[in-house]
Amino acid sequence: MANHQNSANGWSKPSDQRTTGKVITCKAAVVWGPGQPFVMEQVQVDPPQKLEVRIKILFTSVCHTDLSAWQGENEAQRAFPRILGHEASGIVESVGEGVEDMKEGDHVIPIFNGECGDCKCCKSEKTNICHNFGVNPFKKVMNNDGKSRFSTKDGKPIYHFLNTSTFSEYTVLESACVVKIDPEAPLKKMTLLSCGVSTGVGAAWNTANVQAASTVAIFGLGSVGLAVAEGARARGASRIIGVDINPNKFIKGQAMGVTDFINPSEPGKPLHERIREITDGGVDHSFECIGNLDVLREAFLSTHEGWGFTVVLGIHPTPKMLLLHPMELVHGRGIIGSVFGGFKGKSQLPHFAQECMNGVVDLDKFITHELPFEKINDAFQLLIEGKSLRCVLQL
């Protein structure tokens with residue numbers, strides 16, 4: 001076996017340590033129950049089966065979706081013990097039967113919203129949803145045999161998460177959820193394309209199709225919201241209004257292109273009225289990045305009658321429905337959801353990665369903290385306290 005070395009990331013696979021086709025024992029951060037601390041465990045990772053890929057994870061980061069799953073906010077989606085994590089980058093260790101677009105040593109990023117290329121949705125240019133490997137928070141095992149590729153040292157299964165499970169030194173994914181990228185791409189930065197940055201920038205570019213001189217309002221300036229701002233800035237938006245109750249986010253937002261800030265906790269007129277006043281009737285595009293129905297309605301009403309367009313990016317766990325009168329749509333406003341920023345992962349993400357390498361989107365601004373993998377509980381605490389955008393963990 002060839003000796004694969006990536007000096008920038010410090011990983012090599014010597015020819016005398018052949019692991020292809022064998023069970024790998026490695027370190028993983030396992031969560032045993034809702035809200036329980038992550039425990040570093042020695043876990044067993046099975047070889048990839050047909051159309052699967054086993055990856056050596058080099059970098060992973062923490063997202064609010066991981067936080068929600070860790071806390072068990074949705075009881076129906078709970079499955080423990082589990083290996084969470086879905087934003088990462090790494091190198092292919094081995095591939096299963098039938099995998100032809102990747103080989104050992106390739107640089108890759110996992111994606112939670114896969115692209116099989118064969119289903120009706122994948123063949124349509126109108127959507128990036130995949131019928132076979134799309135995002136599914138209820139999924140906890142592999143499609144091939146309905147089993148997990150992770151187990152404890154005594155053979156008990158550990159469940160998968162969002163097609164990815166990146167809080168492990170090695171993980172197994174369906175090949176539809178693995179994207180090969182330029183080997184010259186810096187893997188630490190490319191980690192962000194697995195979720196947050198692609199979701200936000202893609203929402204501005206693909207879902208809303210923000211144009212030069214347009215106006216934008218972003219509700220929630222977390223990583224996704226700031227990625228929307230970065231995408232709108234790159235497209236030449238003339239005004240980017242950031243809405244958040246945390247004034248510290250305003251400072252970070254300026255670096256992403258945010259031109260105006262509104263703190264909704266400050267007394268005054270309803271939020272949508274304030275935005276419509278300063279934009280001569282409303283913004284062209286609004287983005288709801290929080291997952292709050294009241295905020296979503298404000299985002300919708302902040303857009304201009306006749307053409308205003310609202311993109312839903314926040315995760316809404318509540319069973320409550322959106323309060324929306326049909327006549328409010330008759331007046332020309334539109335509203336739509338977006339998954340993974342509208343990017344078809346395997347076919348479109350490599351080009352986006354290249355654009356990031358060329359400086360169209362500045363990924364450095366999103367990485368606020370870096371920690372060793374063993375400090376994963378500290379990384380979650382930073383996120384809970386609102387101190388980090390993305391904390392990258394090095395494995």
Side-chain angles (χ1 to χ4, degrees), residues 8-11 27-31 35-41 55-71 73 82-90 109-112 161-162 164-169 171 185-201 220-230 244 246-253 255-256 289-291 313-315 340-341 353 356 361-395:
N9 300 293
W11 178 75
K27 185 166 53 181
V30 179
V31 59
Q36 293 185 18
F38 288 85
V39 180
M40 286 294 164
E41 304 274 11
I55 297 172
K56 164 62 179 172
I57 298 293
L58 297 181
F59 298 96
T60 188
S61 52
V62 177
C63 169
H64 269 97
T65 303
D66 299 310
L67 178 62
S68 297
W70 170 57
Q71 293 174 332
E73 291 181 358
R82 201 170 203 176
I83 296 175
L84 302 178
H86 64 286
E87 200 171 75
S89 61
I109 53 178
I111 50 174
F112 62 86
F161 175 68
L162 281 186
T164 48
S165 291
T166 62
F167 293 162
S168 176
E169 291 180 320
T171 187
L187 285 177
K188 181 170 69 176
K189 296 180 185 179
M190 293 298 107
T191 297
L192 306 185
L193 303 192
S194 281
C195 181
V197 169
S198 296
T199 296
V201 172
L221 297 179
S223 291
V224 171
L226 290 173
V228 172
E230 181 74 5
D244 203 291
N246 183 352
N248 293 328
K249 297 288 182 71
F250 300 165
I251 300 171
K252 192 68 178 178
M256 311 291 188
C289 308
I290 298 173
L313 294 170
I315 303 299
F340 199 49
C356 292
V361 173
D362 185 357
L363 298 177
D364 285 317
K365 292 183 290 191
F366 291 89
I367 301 176
T368 55
H369 297 78
E370 297 181 45
L371 290 172
F373 183 41
E374 293 76 13
K375 297 286 187 181
I376 188 170
N377 287 297
D378 294 343
F380 270 83
Q381 193 60 37
L382 287 169
L383 188 64
I384 291 169
E385 295 173 357
K387 295 180 179 179
S388 68
L389 289 179
R390 278 298 184 266
C391 179
V392 175
L393 303 170
Q394 183 167 356
L395 281 77

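We're numbering straight along the sequence, starting at 1.
The side chain to side chain contact (heavy atoms under 4.5 Å, CB included) with E87 is formed by just one residue from the set V392, L192, T166, V197; it is L192. The side-chain hydrogen bond (donor to acceptor under 3.5 Å, both in side chains) test with E370 is passed by exactly one of R390, Q394, K188: K188.
Judged by distance alone, the side chain of T164 and the main-chain N or O of L162 form a donor-acceptor pair under 3.5 Å. A side-chain donor-acceptor contact under 3.5 Å links K252 to the backbone of K365. With S194 contributing its side chain and A88 its backbone, the two residues share a donor-acceptor pair below 3.5 Å. Not a single donor-acceptor pair under 3.5 Å links the side chain of W70 to the backbone N or O of T65. Between the side chain of S165 and the backbone N or O of I83 there is at least one donor-acceptor pair closer than 3.5 Å. Distance alone, capped at 3.5 Å, is enough to place a donor-acceptor pair between the E230 side chain and the D362 backbone. A distance-only check finds a donor-acceptor pair linking the side chain of D244 to the backbone of L221 [under 3.5 Å]. The backbone N or O of L389 sits less than 3.5 Å from a side-chain atom of S223, completing a donor-acceptor pair.
Across all non-hydrogen atoms, the minimal contact from A379 to V62 is CB-CG2, 3.9 Å. The nearest pair of heavy atoms linking C289 to L313 is SG-CD1, 3.9 Å.
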Could you go through the side chain to side chain contact (heavy atoms under 4.5 Å, CB included) check for L193 and C356 one step at a time? CA-CA 9 Å; L193 303 192; C356 292; 4.0 Å; yes
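With contacts defined as side-chain heavy-atom distances shorter than 4.5 Å, the pair F373/M40 qualifies. The shortest side-chain heavy-atom distance between K189 and F366 does not fall under the 4.5 Å cut-off. Contact of the K56 side chain with the E169 side chain is registered, since non-hydrogen atoms from C-beta on lie closer than 4.5 Å. The shortest distance between side-chain heavy atoms of N248 and K387 does not fall below 4.5 Å. For the pair C391/L383, no side-chain contact is recorded, criterion being any heavy-atom separation below 4.5 Å from C-beta on.
One finds the CZ atom of F59 at 6.5 Å from the OG1 atom of T191 (value rounded to the nearest 0.5 Å).
Remark: aromatic rings of F167 and F161 are distant, center separation not under 6.0 Å.
Atom CD1 of I315 is surrounded by 12 or fewer heavy atoms from other residues, nucleotides or ligands within 6.0 Å.
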